[in-house]
Asker: 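Encoded as structure tokens, here's the structure I'll be asking about.
Count residues from 1 along the sequence.
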Amino acid sequence: MRTQYDEQLAQLDLEVSRMGALCEQAIAVATKALLAADTEAASQVAPLEAAIDEKERAIEALCLRLFLQQQPVAGDLRKVSAALKMLTDLERIGDQAADIAEMIPLLAARGGAQCGPLADMARAAISMVTDSVDAFVGRYTTLAASVISRDDELDSLFDGMKHALIARIAENPDEGEYALDLLMIAKYFERIGDHAVNIAEWVIFAVTGVHKGTTEP
């Protein structure tokens, strides 16, 4: 029985890691399509979002089996509970990558390459997602804390993007609609970072039993 239990816990780590990898891929594909104004590439994000949703359901089922069949306690109970909470954030990350992809046709063949902070925001967001999932699998509270601290960097990039777009509109009011679309995309990246922070906070809870609270979706 213990062997089966250990195998299920290991499978939980593996499946969460795979879901995280799908989220990273969705963000990366959406970003590449955005910067290249490539609507065909943008269409590749929807199947990734569907795969993320499917992975969410599979992990939920695995967590429920662990609760019902193994009745985990102490650290294992926190780990399974945290995984269930993290699923919501990972699923929302997939949604927001899809939201970015859906904005690309609205840019009228103009990508976001002209606004450097977008690429920087994408790199920061992907890094935070990667590290938050790695922290869960490895139970690395220091790495989780690093993700939380890096949210300020992503927020700073968003503020820089916002000011750049305001200046752009002031210089050329005809750019208003395009600039607002880019601002919305930047907000999606900023929200992805918020969800990575939520995941990192659940990692710390899984290891220590202490949770600082989640950010708004």
Asker: Would you compute the distance between atom CD of E177 and atom CG of L182 and round it to the nearest 0.5 angstrom?
Answerer: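 These two atoms lie 11.0 Å from each other.
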Asker: Is there a chain of hydrophobic side chains (I, L, V, M, F, W, Y, each step under 4.5 Å between heavy atoms) that links M103 to Y178?
Answerer: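 They do share one cluster, since a chain of ILVMFWY contacts under 4.5 Å joins M103 to Y178.
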Asker: Answer yes or no: is there a side-chain heavy-atom contact under 4.5 Å between D194 and D151?
Answerer: yes
Asker: Is the number of heavy atoms from other residues, nucleotides or ligands within 6.0 Å of CZ (F158) greater than 12?
Answerer: yes
Asker: Please lay out, stage by stage, how L34 and L107 fare under the test side-chain contact (heavy atoms from CB on, under 4.5 Å).
Answerer: CA-CA 9 Å; L34 169 67; L107 300 178; 3.6 Å; yes
Asker: Can you see which heavy atom on E153 is nearest to which on A124, and at what distance?
Answerer: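 So the minimum-distance heavy-atom pair works out to OE2-CB, 4.5 Å.
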Asker: Between R92 and D95, is there a salt bridge with N-O shorter than 4.0 Å?
Answerer: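 Counted as a salt bridge, because a side-chain N and a carboxylate O are separated by less than 4.0 Å.
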Asker: Which pair of non-hydrogen atoms, one from I169 and one from G176, has the smallest distance, and what is that distance?
Answerer: CG1-CA, 4.0 Å
Asker: Compare all side-chain heavy atoms of D6 with those of T3 and state whether any distance is below 4.5 angstrom.
Answerer: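 A side-chain contact under 4.5 Å is absent here.
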Asker: Show your reasoning for whether side-chain contact (heavy atoms from CB on, under 4.5 Å) applies to L183 and K162.
Answerer: CA-CA 6 Å; L183 182 61; K162 182 168 60 176; 4.1 Å; yes
Asker: If every non-hydrogen atom of E49 is compared with every non-hydrogen atom of G94, which pair is closest and at what distance?
Answerer: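 Shortest heavy-atom contact: CG-O, 4.0 Å.
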Asker: Output yes when a side-chain donor or acceptor of R191 lies under 3.5 Å from a complementary backbone atom of Q96, and no otherwise.
Answerer: no
Asker: How many angstroms lie between atom CG of D131 and atom CD1 of I126, to the nearest 0.5 angstrom?
Answerer: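 So the CG of D131 and the CD1 of I126 are separated by 12.0 Å.
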Asker: Roughly how far apart are R18 CZ and K55 NZ, rounded to 0.5 Å?
Answerer: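 It comes to 5.5 Å.
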Asker: Ignoring hydrogens and geometry, is there a side-chain-to-backbone donor-acceptor pair from S127 to R123 under 3.5 Å?
Answerer: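 No, S127 side chain to R123 backbone: no donor-acceptor pair under 3.5 Å.
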Asker: Could you pull out the closest heavy-atom pair between L165 and A179, with the gap in Å?
Answerer: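 Residues L165 and A179, closest heavy atoms: CD1-O, 3.4 Å.
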Asker: Do the non-hydrogen side-chain atoms of C63 and L12 ever get within less than 4.5 Å of each other?
Answerer: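 Counting from C-beta outward, C63 and L12 do come under 4.5 Å.
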Asker: If you take all heavy atoms of L106 and D181, which pair is closest and at what distance?
Answerer: O-OD2, 3.8 Å
Asker: Determine, for K187 against E190, whether the closest basic-nitrogen to carboxylate-oxygen distance falls under 4.0 angstrom.
Answerer: yes
Asker: Tell me if a side-chain donor or acceptor on S156 pairs with a main-chain N or O of D152 at a distance below 3.5 Å.
Answerer: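 Here the side-chain-to-backbone pair does not exist.
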Asker: Considering residues at least two apart in sequence or located in another chain, which fulfil the side-chain contact (heavy atoms from CB on, under 4.5 Å) criterion with A37?
Answerer: none
Asker: Just do the side-chain contact (heavy atoms from CB on, under 4.5 Å) check on I27 and V129 with the steps written out, would you?
Answerer: CA-CA 10 Å; I27 302 167; V129 173; 4.1 Å; yes
Asker: Applying side chain to side chain donor-acceptor pair (under 3.5 Å), can you list everything that pairs with T130, at least two apart in sequence or on another chain?
Answerer: E24
Asker: Within a 6.0 Å radius of atom CD on E60, are there more than 12 heavy atoms belonging to other residues, nucleotides or ligands?
Answerer: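 For E60, atom CD is crowded (more than 12 foreign heavy atoms under 6.0 Å).
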Asker: Would you call the rings of H211 and W202 parallel, tilted or perpendicular if under 30° counts as parallel and over 60° as perpendicular?
Answerer: parallel
Asker: May I ask whether V137 and V80 are part of the same hydrophobic cluster, defined by side-chain heavy atoms of I, L, V, M, F, W, Y residues being less than 4.5 angstrom apart, directly or through others?
Answerer: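 In one cluster with V137: V80, yes.
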Asker: Please assess E7 against Q11 for the test side-chain hydrogen bond (donor to acceptor under 3.5 Å, both in side chains), listing each intermediate value before the final yes or no.
Answerer: CA-CA 6 Å; E7 288 175 351; Q11 185 68 23; over 6 Å; no
Asker: For the atom pair CD1 (I199) and CG (D134), what is the distance rounded to the nearest 0.5 Å?
Answerer: 11.0 Å
Asker: Are the side chains of V207 and Y140 in touch, meaning some heavy atoms are under 4.5 Å apart?
Answerer: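 Contact flag for V207/Y140 side chains = no.
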Asker: Taking the side chain as every heavy atom from C-beta outward, state whether I148 and E201 have any atom pair closer than 4.5 Å.
Answerer: yes
Asker: Does R168 pair with E171 as a salt bridge, N-O distance under 4.0 Å?
Answerer: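 No, R168 and E171 are not salt-bridged.
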Asker: Evaluate the side-chain proximity of K79 to R139: yes if any heavy-atom separation is below 4.5 Å, no if none is.
Answerer: yes
Asker: Grouping I, L, V, M, F, W and Y whenever their side-chain heavy atoms are under 4.5 Å apart, do F205 and F67 come out in a common cluster?
Answerer: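 Same cluster: F205 reaches F67 through Ile, Leu, Val, Met, Phe, Trp or Tyr contacts under 4.5 Å.
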Asker: If you define the side chain from C-beta out and look only at heavy atoms, does anything of M19 sit under 4.5 Å from I59?
Answerer: yes
Asker: Evaluate the criterion side-chain contact (heavy atoms from CB on, under 4.5 Å) for residue pair V133 and L90; output intermediate values, then yes/no.
Answerer: CA-CA 9 Å; V133 173; L90 288 168; 4.1 Å; yes
Asker: Within the structure provided, determine whether I100 and F189 are in side-chain contact (heavy-atom separation under 4.5 Å).
Answerer: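 I100 reaches F189 side chain to side chain.
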Asker: Is there a path of hydrophobic side-chain contacts, each under 4.5 Å between heavy atoms, that joins M184 and I93?
Answerer: yes
Asker: Determine the minimum heavy-atom distance between M161 and P117, stating which atoms define it.
Answerer: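 Closest approach of M161 to P117: SD-CB, 3.8 Å.
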Asker: According to a hydrophobic-cluster definition based on side-chain heavy atoms being under 4.5 Å apart (Ile, Leu, Val, Met, Phe, Trp, Tyr only), do M86 and L77 belong together?
Answerer: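 Yes.
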